[in-house]
Amino acid sequence: MSNEENSTPGNFIRAIIEADLASGKYGGRVATRFPPEPNGYLHIGHAKSICLNFGIAEDYNGTCNLRFDDTNPHKENVEFVEAIKRDVHWLGYDWGDRLYYASDYFERLYDYAVELIRRGKAYVCDLSPEQTREFRGTLTEPGRNSPYRDRSVEENLDLFARMRAGEFGDGEKILRAKIDMASSNMNLRDPAIYRIRHGVVHHQTGEAWCIYPMYDFTHCLSDAIEGITHSLCTLEFEDHRPLYDWFLDTLEVEHHPQQIEFSRLELEYTVTSKRKLTRLVEEGHVEGWDDPRMPTLAGMRRRGYTPASIRDFCERIGVTKSVNNVEMSVLENCVREDLNRRAPRRMAVLHPLKVVIENYPEGAGEMLQAPNHPQDESMGVRELPFTRELYIDRDDFREEAPRKFKRLVTGGEVRLRNAYVIRCDEVIKDDAGEIIELRCSYDPDTLSKNPEGRKVKGVIHWVSAPHAVRAEVRLYDRLFNQPNPGADKDGADFTDFLNPESLLTLTGCYLEPNLRDAGPGEFFQFEREGYFCVDPDYSHGLPVFNRTVTLRDSWAKIEKQGG
RNA sequence: UGGGGCGUCGCCAAGCGGUAAGGCACUGGGUUUUGAUCUCAGCAUGCGCAGGUUCGAAUCCUGCCGCCCCAGCCA
């Protein structure tokens, strides 16, 4: 540990960048970009890419552009553009004045395509989509040249101009790169670079174009135009790198960024494919892109995950090229760690059970003081009303005590958090035998001190019944039952693995009174229950709290083992 | 069966020829008016497998095996 000088790169991409910096490859410049397609909301996988790209720019004194890869207007719209901008900002990153759209470059891209034709490296092809597929060959058989492959430069120039002019219908013609139909890399078998799309209004360019460039052609040139030095993308584009380089080399573009691929994040018990997330939304399996069960940034924000915890998560999972499947516990740990430090403590009874303190004077009451954070005095204290009638959680009482159960039992004692020790004297049941009330007595000499001569192990939370704030609490669990719901196993659809208990809504909860004024964006630890945040939805009167994540629960473990 | 990648603890992940970091998870102890937090300790004679080179190999060589990606006019 004596190498304070040579700070470790952190991951292989940073190692490459440091080597490039050392060799002066791009004049000591580092420029990255985050290039989402605005066809859906950003999810946790994008967060990894955002943290990587913006993080590198920050650390190496470089820049990171936000560039919308908007070449397929059919699937894209401004709602997604705005949501993406909002989410990147929320995560804590800023692109300054470097907001771009690939569509900004449509005119230049068109010129590059013309240049490709002039160089005899692109041609207009009349094959139908079906024929194109047939001519492409298979993984093991080479493809065949299109009969239109040898059109003259003049004819191609004329045809391409007429494609732009709208003389041909969708699918009638495409512009293709002329590379090698026998290449073992399918991407090099004369890939399409421009297709015709009539009747779609592009969210940025309106109806100015009826031809749109394809990803492979657009991306490398957009990177070059913006002076990107390191173009980071996921592993599935590794096979596209030769094409990325081919366009730039063939066009002799002055600046040639290098594409570096890393593996995409897979998180257990969720899906991070835009197609699948879109289906969850459109088929109504969730309430929207910002449903707290969604792995989208919007969903996690509403759930109460903090930007800091997500950035910490992205830091911890690393960046490599190996297939990975990260356990949910890593993310949850990051969330707990951040919230534990920052969340004020409160008490909330989720499953109320009435308690009457029989030796506490009727109509009386007192204000007790409770710290907002047990380890951080700077967070101050709050006042809690204590009265004769309280609510505790049903789970904190048992008539018959299991081994190791250290909460309230008939005839036993328990500490009321921040208050007195009480003893349960009598259990009141209704005709159906259901417990409806507990008759207890308190020991007035146990405020801020332990009773003498006996040990009280358990501590439970409570709220004063006449002061309690009624609220709705939504308990979230994993969206899927399977660790890897997206894996296509035996023809099963990923929706088959949806967890029917991913949302449990509790409407009869009672919160301590100072939670009455909590507003959207505020978060708390409900002691012994978990971290909760205020949901923006106030549509049905009751305040709504979302459970962000539970507390670690070793009792649940013991109980599950039959403790 | 073509091409491109990847295989280090249950899950991530350092390591780049000198004798296996760290995090999460898990297990056990301590503190505790949250069964929380905090804290201490444990957790790979082993790096997909088999050979080889070397004084010495997770790291180099050879051959296998397994997994992922590619046949959109999607990105």
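Naming convention: chains lettered A, B, ... in sequence-line order (proteins, then strands); numbering from 1 in each chain.
- Listed pair R552(A) / A25(B) meets the phosphate criterion, a side-chain N or O lying under 4.0 Å from OP1 or OP2.
- Looking at the side chain of T140(A), the nearest of the listed nucleotides G2(B), A36(B), U34(B) is G2(B).
- Atom P of C6(B) sits at a distance of 13 Å from the matching atom of A14(B), rounded to the whole Å.
- Comparing the same atom, C1', in G22(B) and in A44(B) gives a spacing of 14 Å after rounding to whole Å.
- The distance between atom CE of M328(A) and atom C1' of G23(B), rounded to the nearest whole Å, is 18 Å.
- Among the heavy atoms of the strands lying under 4.0 Å from R417(A) is at least one base atom, whether or not backbone atoms are also near.
- Cation-pi geometry between R67(A) and Y101(A) is not met: the NZ or CZ atom fails to fall both under 6.0 Å from the ring centre and inside 45° of the normal.
- Contact annotation for A556(A): no contact, since no heavy-atom pair falls under 4.0 Å across all strands.
- With sequence neighbours excluded, no residue forms a salt bridge (Lys or Arg N to Asp or Glu O under 4.0 Å) with R133(A).
- Across the P atoms, C69(B) and C60(B) are found 27 Å apart, a figure rounded to whole Å.
- In this structure, N325(A) places its CG atom 15 Å from C1' of G7(B), rounding to the nearest Å.
- For the P atoms, the distance from C65(B) to U45(B) is 27 Å, rounded to whole Å.
- Not less than 6.0 angstrom separates the ring centroid of F545(A) from the ring centroid of F532(A).
- Taking the C1' atoms as reference points, C38(B) lies 16 Å from U33(B), given to the whole Å.
- Across all strands shown, Q525(A) has heavy atoms under 4.0 Å from base atoms, whether or not it also approaches the sugar-phosphate.
- Comparing the same atom, P, in G29(B) and in G7(B) gives a spacing of 38 Å after rounding to whole Å.
- For R144(A), there are no salt bridge (Lys or Arg N to Asp or Glu O under 4.0 Å) partners at least two apart in sequence or on another chain.
- Pairing partner, A41(B): U27(B), with both Watson-Crick or wobble hydrogen-bond distances short of 3.5 Å.
- Nucleic acid contact class of R275(A) (heavy atoms, under 4.0 Å, all strands): none.
- Atom CD of E315(A) is surrounded by 12 or fewer heavy atoms from other residues, nucleotides or ligands within 6.0 Å.
- Side-chain to base pairing of R345(A) with U34(B): one donor and one acceptor N or O lie within less than 3.5 Å of each other.
- Among residues at least two apart or in separate chains, there is no salt bridge (Lys or Arg N to Asp or Glu O under 4.0 Å) pair with a member in residues 134-143 of chain A.
- Dashed line: the shortest gap from a side-chain N or O of T320(A) to OP1 or OP2 of C12(B) is not under 4.0 Å.
- The separation between R415(A) atom CZ and U32(B) atom P is 13 Å, rounded to whole Å.
- For the residue pair N77(A) and H203(A), no side-chain donor N or O sits within less than 3.5 Å of a side-chain acceptor on the partner.
- Out of C24(B), G5(B), C6(B), the shortest distance to the side chain of S322(A) is found at C6(B).
- As judged by a 4.0 angstrom heavy-atom cut-off over every strand, K321(A) is placed among residues touching the sugar-phosphate backbone only.
- Between the C1' atom of G3(B) and the CD atom of E261(A) lies a distance of 14 Å, rounded to the nearest Å.
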Can you tabulate the close N/O pairs, meaning under 3.5 Å, that link protein atoms to atoms of nucleotides 27-29 of chain B?
none

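- Rounded to whole Å, the distance from CG on N418(A) to C1' on A36(B) is 14 Å.
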Inset, instruction - Determine, for nucleotides 66-75 of chain B in 5'-to-3' order, which nucleotides have protein heavy atoms under 4.0 Å from the base (write B), from only the sugar-phosphate (write S), or from neither (write -). - result: ---BBBSBSB

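- Of the nucleotides present, none pairs with C47(B) by Watson-Crick or G-U wobble criteria with both distances under 3.5 Å.
- In this structure, Y194(A) has its ring center closer than 6.0 angstrom to the ring center of F160(A).
- The E327(A) side chain lies nearest to A25(B) when the options are C12(B), A25(B), A36(B).
- At the heavy-atom level, S448(A) lies under 4.0 Å from base atoms of the strands shown.
- Between G10(A) and K457(A), it is G10(A) whose nearest contact on RNA chain B lies nearer the 5' terminus.
- Each of L52(A), N53(A), D59(A) was evaluated against I56(A); a single residue qualifies, L52(A), per the side chain to side chain contact (heavy atoms under 4.5 Å, CB included) test.
- The interatomic distance linking D395(A) (CG) with G35(B) (C1') rounds to 13 Å, in whole Å.
- Here the CZ atom belonging to F247(A) is positioned 13.0 Å from the NE2 atom belonging to H219(A), to the nearest 0.5 angstrom.
- Across all strands shown, A71(B) remains unpaired; no Watson-Crick or G-U wobble contact has both distances below 3.5 Å.
- Listed pair R528(A) / G35(B) meets the phosphate criterion, a side-chain N or O lying under 4.0 Å from OP1 or OP2.
- Taking atom P in both A58(B) and U53(B), the straight-line distance is 16 Å, to the nearest Å.
- With hydrogens and angles ignored, a donor-acceptor pair closer than 3.5 Å exists between the side chain of R407(A) and the base of G35(B).
- Taking each heavy atom of A102(A) and D70(A) in turn, the nearest pair found is N-OD1, 3.2 Å.
- Side chain of W555(A), nearest nucleotide from A13(B), G35(B), C24(B): G35(B).
- Distance, R264(A) CZ to G5(B) C1': 15 Å, rounded to whole Å.
- Using a 4.0 Å heavy-atom cutoff across all strands shown, L447(A) reaches at least one base atom of the nucleic acid.
- Classification of the F80(A)-Y41(A) ring pair by plane angle, with boundaries at 30° and 60°, yields perpendicular.
- If you check C9(B) for Watson-Crick or wobble pairing at under 3.5 angstrom, you find it has no partner at all.
- By the salt bridge (Lys or Arg N to Asp or Glu O under 4.0 Å) test, R346(A) pairs with no residue at all, sequence neighbours left out.
- With its glycosidic angle more than 90° from 0, G30(B) is assigned anti.
- The nearest whole Å value for the distance from the OH atom in Y269(A) to the P atom in A25(B) is 15 Å.
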